[in-house]
Amino acid sequence: MDVPAGYSANAATPGGSAPTPSRGPKKLGKKASRPANPQMFTDIPQSQPIPSQQGGYYNPAQQAPPGSYYGTPQPAAPMPQFPGQQYMADPMANMAMQYGGTLADQGKEYMQQNLEKYVSASKVKYYFAVDTSYVGRKLGLLVFPFTHSNWSVAFNQDEPVAPRYDVNAPDLYIPMMGLITFVLASAVALGLHGRFTPETIGMVTSSALGYLLLEILVILFVMYILAVQTSLTYLDWCAYCGYKYFGMVLALIAGVYINRMTYYCILIYTGVALVFFLVRFK
């Protein structure tokens with residue numbers, strides 16, 4: 001007996017019951033419904049263990065290597081206590097520093113040996129061996145030289161005594177301070193007239209030193225032409241030619257705070273006094 005499609009052959013029973021349709025292949029499971037807002041990634045805290053496929057749990061904070069995203073940050077390297085400390089441990093840097101120090105010492109020694117031939121440090125120190133009493137008496141002598149009687153320089157065993165012990169001894173302290181004061185007073189005078197610029201200080205200093213050098217060269221040239229013999233050194237001439245700055249400072253201050261006529265009067269008087277001082281000097 002032919003069995004219609006969809007019915008099993010053993011479905012008919014002798015009692016005449018109707019055959020039952022077959023259920024067909026059995027399905028494996030029920031299809032899950034998709035959520036309305038699917039989440040792409042699951043937020044898992046860093047400290048929460050993650051189940052692994054092999055069994056057990058995986059904790060990123062415990063198994064991550066140091067320095068990674070989950071690892072504990074390592075302490076930073078100690079900073080150098082002073083700049084250049086990292087180079088102190090380098091043997092090549094230490095060798096270079098030693099070599100540079102040796103070259104500097106050799107250059108310093110070479111300069112001292114050759115400089116002593118032209119300028120002796122002990123001689124230069126002699127011209128700055130002054131004190132407050134000497135400076136006051138010497139300035140009074142430059143302003144009022146007409147009342148001074150003894151013009152000879154004192155000697156001690158063929159060497160002149162230090163300026164602090166003899167007012168007639170030349171020094172370089174007063175000329176140097178006079179030059180510095182003259183430059184500053186000139187800057188103040190130009191500033192009061194609205195003509196001061198930062199370049200003024202350099203120009204005035206250069207001019208003053210240039211005229212001083214020219215004056216010394218002219219004196220030495222005239223003495224050479226006239227065959228004048230003297231025991232004065234070039235440092236002595238620098239001292240005597242530099243005394244004029246004190247009178248120039250007095251005249252400049254008087255011209256700024258009084259009037260121009262006073263400036264010329266003081267300038268002429270201090271010039272005459274300086275000439276008298278240089279002529280009477282023995």
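The structure displayed is predicted, hence computed values, not measured ones. The first residue of the sequence shown is numbered 1, and numbering continues consecutively from there.
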If you look at every heavy atom in [X] and [Y], which pair is closest and at what distance?
X: Ala154; Y: Asp166; result: N-OD2, 2.8 Å
X: Asp236; Y: Pro170; result: OD1-CG, 3.5 Å
X: Ala129; Y: Pro163; result: O-CD, 3.5 Å

- What distance do Tyr240 atom OH and Leu278 atom CG have between them, rounded to the nearest 0.5 Å?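 The CG atom of Leu278 is 8.0 Å from OH of Tyr240, to the nearest 0.5 Å.
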- Message: Once rounded to the nearest 0.5 Å, what's the spacing between atom OH of Tyr245 and atom CG of Leu250?
- Response: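 Nearest 0.5 Å value for the OH-CG distance: 15.0 Å.
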- Query: Tell me the side chain to side chain donor-acceptor pair (under 3.5 Å) pairs involving residues 250-259, sequence neighbours left out?
  - Reply: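 Applying side chain to side chain donor-acceptor pair (under 3.5 Å) to every pair that reaches into residues 250-259, excluding sequence neighbours, yields Asn259-Thr262.
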- 4.5 Å side-chain heavy-atom contact, Val161 and Phe155: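 Side chain of Val161 against side chain of Phe155, heavy atoms only: no contact under 4.5 Å found.
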- Task: Flag the pair His148 / Val167 as yes when at least one side-chain heavy-atom distance between them is below 4.5 Å, and no otherwise.
- Result: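 Touching, per the 4.5 Å side-chain cut-off.
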Mind checking whether [X] and [Y] sit in one hydrophobic cluster, side chains of I, L, V, M, F, W, Y counted as touching below 4.5 Å?
X: Trp237; Y: Val218; value: yes
X: Val130; Y: Val124; value: yes
X: Phe196; Y: Leu192; value: yes
X: Ile253; Y: Ile268; value: no
X: Leu220; Y: Tyr243; value: yes

- Other residues, nucleotides, ligands: >12 heavy atoms within 6.0 Å of Tyr269 OH: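 Yes - once you tally the heavy atoms of other residues, nucleotides and ligands closer than 6.0 Å, there are more than 12.
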- Query: Just checking, is any N or O donor in the side chain of Asp171 or Tyr126 under 3.5 Å from an acceptor N or O on the other one?
  - Reply: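 On atom types as modelled, these side chains do not qualify, holding no pair under 3.5 Å.
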Under 3.5 Å, sequence neighbours excluded: what are the donor-acceptor pairs made by side chains of residues 139-146?
none

Solution key, residues 202-216 side-chain donor-acceptor pairs under 3.5 Å, sequence neighbours excluded:
{"unit_1": "Thr205", "atom_1": "OG1", "unit_2": "Ile201", "atom_2": "O", "d": "2.8"}
{"unit_1": "Ser206", "atom_1": "OG", "unit_2": "Gly202", "atom_2": "O", "d": "2.7"}
{"unit_1": "Ser207", "atom_1": "OG", "unit_2": "Met203", "atom_2": "O", "d": "2.8"}
{"unit_1": "Glu215", "atom_1": "OE1", "unit_2": "Lys244", "atom_2": "NZ", "d": "3.0"}

With a cut-off of 3.5 Å and sequence neighbours excluded, list every side-chain donor-acceptor pair involving residues 221-231.
{"unit_1": "Thr230", "atom_1": "OG1", "unit_2": "Leu232", "atom_2": "N", "d": "3.2"}

- Is the Trp151 ring parallel, tilted or perpendicular to the Phe276 ring (thresholds 30°, 60°)?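 Taking Phe276 first and then Trp151, their aromatic rings stand perpendicular (interplane angle over 60°).
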- Query: Going by side-chain heavy atoms closer than 4.5 Å, which hydrophobic residues are tied to Met261, directly or by a chain of links?
  - Reply: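 Its cluster partners, ordered by chain and number, are none at all.
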Run the side-chain donor-acceptor check on residues 172-190: report pairs under 3.5 Å with partners two or more places apart or on a different chain.
{"unit_1": "Thr181", "atom_1": "OG1", "unit_2": "Met177", "atom_2": "O", "d": "2.7"}
{"unit_1": "Ser186", "atom_1": "OG", "unit_2": "Phe182", "atom_2": "O", "d": "2.7"}

